[in-house]
Amino acid sequence: VYASPGGRYAVVVQRLQDRVQFVDGGIWQEDHGDHLHDYKQPSRLLAFRLIGARPTHYDVQAGRQAAIFLDGNGQANPVQNAGVRLITDASIAAGQVLAAADFTFPIHGLAEPVGDKLLTVAHAADASDALPTHLVLYLRAGNSFSYVRELPTRCNGMHGSFSSGASTVVGCREGMLLVRHTSATAVSDGQLISTPIRVGTIAGHPRLPDQFIGIGNESAGQGAPVTTRFFALDATTGTVTPFVPQGWETGRVRRAHGFDRTGQRFFILDDQGTLTVAQRQGGAWANLARVPGAIPAMPAAAPWPAIVANAARDLVYLTDPVARQLVVVSALTGALAGTIG
């Protein structure tokens with residue numbers, strides 16, 4: 001479940017059911033020029049829904065638009081191809097997508113919307129796996145997209161993405177691919193930023209422009225413990241710095257992560273239910289708090305807990321699937337502030 005670009009709707013992505021549904025939260029504002037008019041109504045499930053093969057990645061340009069990438073299904077007969085659906089709060093209210101693109105192949109991909117630009121994926125014929133290897137630039141015209149070019153810098157095993165400031169970053173087997181937005185219609189060729197292990201998740205926040213955290217898992221070999229590693233990327237300089245959360249030991253695996261509403265604090269939940277909080281300080285990440293037992297009983301399998309920020313207050317929520325409750329955390333200190341459930 002994700003928030004719509006403007007925050008009014010819940011976007012409910014159901015991958016295996018090949019559909020996306022929308023829930024109106026019932027709280028919104030209208031701009032009346034010299035003031036905002038508040039509205040509050042009961043929540044309701046909208047009749048509008050998206051139907052398509054394997055909707056998976058949801059990428060947002062905060063406050064403006066979001067792209068839903070449909071992976072397609074190569075096991076179906078006939079094969080179902082990948083595609084992108086662009087939505088806004090206004091298009092959801094109107095019961096339609098803002099724009100759409102359909103491809104001629106299925107792929108586990110991504111689509112980053114930035115203004116009228118869309119960065120999505122391509123797969124080289126000599127790739128060693130089925131994941132994307134290159135980014136492709138499209139431009140929106142009305143309700144469709146036109147192909148511009150494929151970026152030459154290769155990113156094997158591409159997975160995970162985020163855009164903020166003048167940058168888009170995606171995860172690669174070799175590290176992270178950094179693309180700079182040079183104009184309203186153009187982007188750079190891309191720069192591969194090396195890391196010691198594969199990066200499969202990119203974390204970022206719209207109020208922390210051009211700063212990203214790459215996340216990946218490493219293991220010394222078969223039978224060795226898996227450990228999650230973190231890499232802070234400054235896209236303005238193209239430099240990457242390993243970031244070790246407080247008390248993070250070999251064998252600890254990230255189960256959830258998220259920022260507070262300001263983007264200045266980063267929350268990481270490990271596989272033992274410990275919550276670690278880092279704070280932006282002096283242009284880097286410094287440890288703020290470590291809270292053992294934030295989730296008393298970690299699920300044995302997915303779905304794992306999730307972390308989401310309150311957009312109006314300095315609070316962060318952790319879902320606790322086993323106890324069927326929300327754990328409330330102070331975004332300012334990282335201390336537990338109660339439960340809801």
Side-chain angles (χ1 to χ4, degrees), residues 1-15 19-31 36-41 43-52 55-70 83-101 109-120 137-145 160-170 181 184 202-212 258-263 306-313 316-317:
V1 180
Y2 304 96
S4 64
R8 174 173 172 177
Y9 302 95
V11 181
V12 187
V13 179
Q14 299 153 76
R15 185 177 193 272
R19 69 187 178 201
V20 180
Q21 291 178 273
F22 303 90
V23 177
D24 186 347
I27 299 174
W28 75 98
Q29 292 179 316
E30 282 184 355
D31 189 349
L36 294 173
H37 193 159
D38 299 333
Y39 293 88
K40 183 177 181 180
Q41 296 179 356
S43 301
R44 64 188 180 94
L45 178 67
L46 301 185
F48 171 55
R49 62 177 60 185
L50 299 180
I51 302 298
T56 304
H57 281 277
Y58 178 78
D59 297 305
V60 181
Q61 183 179 12
R64 180 164 177 174
Q65 58 190 348
I68 300 169
F69 192 92
L70 300 97
V84 178
R85 303 293 180 263
L86 191 70
I87 58 171
T88 63
D89 279 38
S91 79
I92 295 170
Q96 61 189 21
V97 299
L98 183 65
L110 55 89
E112 284 288 335
V114 179
D116 287 332
K117 292 174 290 189
L118 184 75
L119 284 170
T120 185
L137 175 63
Y138 285 78
L139 287 178
R140 183 171 75 89
N143 61 1
S144 63
F145 291 95
S161 63
F162 200 86
S163 298
S164 76
S167 310
T168 292
V169 175
V170 299
H181 294 268
I202 305 294
H205 193 278
R207 294 179 67 179
L208 196 64
D210 301 300
Q211 302 295 322
F212 304 87
F259 290 88
D260 73 340
R261 62 174 177 159
T262 70
I307 296 176
V308 65
N310 186 316
R313 300 177 181 176
V316 169
Y317 304 107

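Residue indices begin at 1 and follow the sequence shown.
- Ring geometry, Tyr138 versus Phe145: the interplanar angle exceeds 60°, so the pair is classed perpendicular (tilted spans 30 to 60°).
- To the nearest 0.5 Å, the span separating CD1 on Ile87 from CZ on Phe48 amounts to 7.5 Å.
- Trp28 and Tyr39 have parallel rings, their planes meeting at less than 30° on a 0 to 90° scale where 60° marks the start of perpendicular.
- Atoms CD and NE2, on Glu30 and His37 in that order, are 7.5 Å from each other to the nearest 0.5 Å.
- Separation of atoms OG (Ser164) and NE2 (His205) is listed at 10.0 Å; rounding is to 0.5 Å.
- Between the side chains of Arg207 and Thr262, no donor N or O sits under 3.5 Å from an acceptor N or O.
- Side-chain atoms of Tyr9 and Asp89 include no donor-acceptor pair closer than 3.5 Å.
- Contacts of Gln29 classified as side-chain contact (heavy atoms from CB on, under 4.5 Å), with partners at least two apart in sequence or in another chain: Leu36, Asp38.
- Put simply, the side chain of Arg8 reaches to within 4.5 Å of the side chain of Asp24, judged on heavy atoms.
- Side-chain atoms of Thr168 and Glu112 form no donor-acceptor pair, as typed in the model, at a separation below 3.5 Å.
- For the pair Val114 and Leu119, the minimum side-chain heavy-atom distance is 4.5 Å or more.
- To the nearest 0.5 Å, the span separating CZ on Arg15 from NE2 on His57 amounts to 8.5 Å.
- Asp260 CG to Ile307 CD1: the interatomic distance, rounded to the nearest 0.5 Å, is 11.5 Å.
- Annotation: the span from Asn143 atom CG to Leu98 atom CG amounts to 8.5 Å, rounded to 0.5 Å.
- Counting only heavy atoms from C-beta outward, the side chains of Asn310 and Arg261 never approach each other to under 4.5 Å.
- Scanning for side-chain hydrogen bond (donor to acceptor under 3.5 Å, both in side chains) contacts around Gln65 gives Gln61, with sequence neighbours left out.
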